[in-house]
Every structure is written in structure tokens, then in C-alpha cells.
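Below is one structure, written out as C-alpha cells; comments come after it.
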Amino acid sequence: MFTGIIQEIGTITDIQEKNSIKTFSIKAAQTAVLLKIGDSVSIDGTCLTITTIKQDIFQVEAIPETLKLTISGEYKNGSQINLEPAMQLSDRLHGHLVSGHVDFIGTVISKKNEGDSTILTIDYPKNMNKFFNLKGSVTMNGVSLTISKVTGNSFEVSLIPRTLSNTNLKTLTEKSSVNIEIDLIARYLDGLLNANRQERSECP
């Protein structure tokens, strides 16, 4: 489990592929010292497991399903990625509860400056419409954000200067791909409501 508060921007230094599994080597001095083999870490919002650590570089592996459903399939040497180690029960929840399970890959429709903030507009599939609401939470590339506007099949988020300087969201441009995770609580509530409706429909 994560909070959506990025701890460091890491750099991919090497990518190896064997039996359809990609191994990413990531240089991140601040994060590496906090981790041990077997720990979970959020890579642009995708929960992956540490397989090796050597000084300030650690490795994670991504299976074909992960490569297909997240932007990890687009990574190359030099890619800048958002990092967050798994939260501890004693941590303050500064963002919101984030599972690290990406729901879909969104696309940046537009990027514009408004005063000191940057406004990003992101598209989403029609079947996800019920999960996007004004002032609701969303995770983009592992960053906990608040939805500032919803129009049709797109939503907007406003990025303050600190968010831009401490995450890779500053590198996004129109048509950039981003990992999107819907609000965890909304997902579970929807599941419970659907289960309840199904139980009612099956009652004799």
C-alpha cells in the first residue's frame, strides 16, 4: 500500500529482457537505502518487487501483463520514474490510499499553464466514468492528485510548482501516456454495491 506522495525521481540505467520478462535497473540513492530484497516499491504507480540491490541501484522485474497494462512497456534507458517505497502503518497519510494496481493507461489531451499551476487534461474509458468526480482522488504515475474538473470522458488536475519539481509529471506533453489508478475506496464501494444488487436479483 502507498500514499501517492513521491519520495524520489529515479533513473532507469539498464533494461534486460529474458523469457518475456523485463528487468529494470533503477538508480535512486535516497530510495535504495530504504529498501531490501523482497520489498514493494511504487514505480510510476505500479507496485513491483525488489529483486536485487547494489549500493544506489536496485532492480525490479515486470511480467508481460504488467508491461501491457502500464507504461512500463515504454521505458527506455534514461527514463525518469516516480518512486515511493511501501508505506508503514505508522506513516502519516498525506495523500490517499493507493494500491499500486494500475487500472488503465491514460493519455494527456492537453497541458496548459494557469498562473503558477499547470493544468493537465487526461482521457479515460467510458466504463470508468463513475469513478471520476469533482474533488475526488486519482493517482497519476503514482502521484496522489485531486480532480479539479470532469468533462465528457476526461478529467483535469491542477499541479502546483512543488508537485512539478518533485515528480516526473513536469516532463509530460500532449499525447504522453500515464498510469492511472482510480480511488481505492470508490472501487471497493462499487464492488460491494454490485454484489448487493446481484444478491437481490438472485433472491427467489
Side-chain angles (χ1 to χ4, degrees), residues 1-15 22-62 66-67 69-103 105-106 108 116-118 120 122 136-147 157-172 176-185 187:
M1 194 68 71
F2 307 92
T3 67
I5 304 300
I6 303 306
Q7 301 300 310
E8 184 178 9
I9 300 176
T11 303
I12 293 181
T13 59
D14 185 60
I15 302 174
K22 284 190 177 182
T23 299
F24 299 102
S25 296
I26 301 167
K27 185 173 184 179
Q30 298 175 40
T31 303
V33 297
L34 301 175
L35 302 171
K36 62 180 184 296
I37 294 175
D39 280 356
S40 295
V41 63
S42 172
I43 309 290
D44 274 340
T46 304
C47 180
L48 296 175
T49 302
I50 306 297
T51 56
T52 63
I53 302 176
K54 187 175 182 181
Q55 297 179 338
D56 61 350
I57 295 178
F58 64 86
Q59 291 184 332
V60 295
E61 295 178 343
T66 301
L67 296 170
L69 298 177
T70 73
I71 63 172
S72 58
E74 301 179 9
Y75 291 157
K76 56 187 178 182
N77 287 343
S79 289
Q80 302 291 293
I81 53 175
N82 293 329
L83 299 173
E84 181 192 355
M87 67 180 293
Q88 302 181 55
L89 290 178
S90 59
D91 288 343
R92 292 181 177 178
L93 189 59
H94 293 287
H96 71 280
L97 291 174
V98 177
S99 69
H101 299 151
V102 174
D103 290 290
I105 297 175
V108 178
D116 291 331
S117 64
T118 297
L120 293 178
I122 313 296
S137 296
V138 65
T139 307
M140 182 187 304
N141 280 6
V143 183
S144 172
L145 298 169
T146 300
I147 297 171
V157 290
S158 301
L159 309 180
I160 62 174
R162 179 171 177 78
T163 300
L164 289 170
S165 63
N166 288 277
T167 73
N168 66 8
L169 300 186
K170 62 178 173 288
T171 66
L172 297 178
S176 289
S177 299
V178 288
N179 286 332
I180 300 294
E181 179 184 331
I182 59 176
D183 181 66
L184 184 64
I185 296 175
R187 178 195 293 153

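If you're wondering where the values come from, they're calculated on a predicted model, not measured in any experiment. Atoms considered below: every heavy atom in the structure, side chains included; atoms not considered: hydrogens, waters and symmetry mates.
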Item to check | Polar contact flag, side-chain donor to acceptor under 3.5 angstrom, T23-Q59 | outcome: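 Not at all, the side chains of T23 and Q59 share no donor-acceptor pair under 3.5 Å.
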Checklist entry - Do Q80 and T171 have side-chain N/O donor and acceptor atoms under 3.5 Å apart? => result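 No - no donor-acceptor pair under 3.5 Å links their side chains.
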Check whether any side-chain heavy atom of [X] lies under 4.5 Å from a side-chain heavy atom of [Y], and answer yes or no.
X	Y	answer
N141	N168	yes
I43	Y75	yes
L34	Q7	no
K36	I50	no
T70	D44	no

Return the [atom1] to [atom2] distance between [X] and [Y], rounded to the nearest 0.5 Å.
X	Y	atom1	atom2	value
L69	I105	CG	CD1	7.0 Å
S42	M87	OG	CE	12.5 Å
D39	F58	CG	CZ	10.5 Å
L35	T49	CG	OG1	11.0 Å
I5	T167	CD1	OG1	10.5 Å
T13	D56	OG1	CG	9.0 Å

Matching residue for [X] among [options] - test: side-chain contact (heavy atoms from CB on, under 4.5 Å):
X	options	answer
I9	T31, I81, N82	N82
V60	T66, L48, T46	L48
V138	L145, I122, T146	L145

Checklist entry - Just wondering, more than 12 heavy atoms not from I37 lying within 6.0 Å of its CD1? => result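 Atom CD1 in I37 is crowded, with more than 12 foreign heavy atoms closer than 6.0 Å.
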Next on the checklist: So for atom NZ, which belongs to K22, do other residues, nucleotides or ligands contribute more than 12 heavy atoms lying within a distance under 6.0 Å?
Outcome noted: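 Yes - once you tally the heavy atoms of other residues, nucleotides and ligands closer than 6.0 Å, there are more than 12.
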For [X] and [Y], indicate whether the former's side chain and the latter's backbone hold a donor-acceptor pair under 3.5 Å.
X	Y	value
E8	I6	no
S165	R162	yes
N179	M140	no
D103	I182	yes

Heavy-atom closest pair, residues [X] and [Y]:
X	Y	value
G100	E181	N-OE1, 3.0 Å
L83	I26	CD1-CG2, 4.2 Å
F24	A62	CE1-CB, 3.8 Å
S25	I57	CB-CG2, 4.1 Å

Checklist entry - Under the side-chain contact (heavy atoms from CB on, under 4.5 Å) criterion, do L184 and M1 qualify, and how do the steps go? => result CA-CA 10 Å; L184 184 64; M1 194 68 71; 3.9 Å; yes
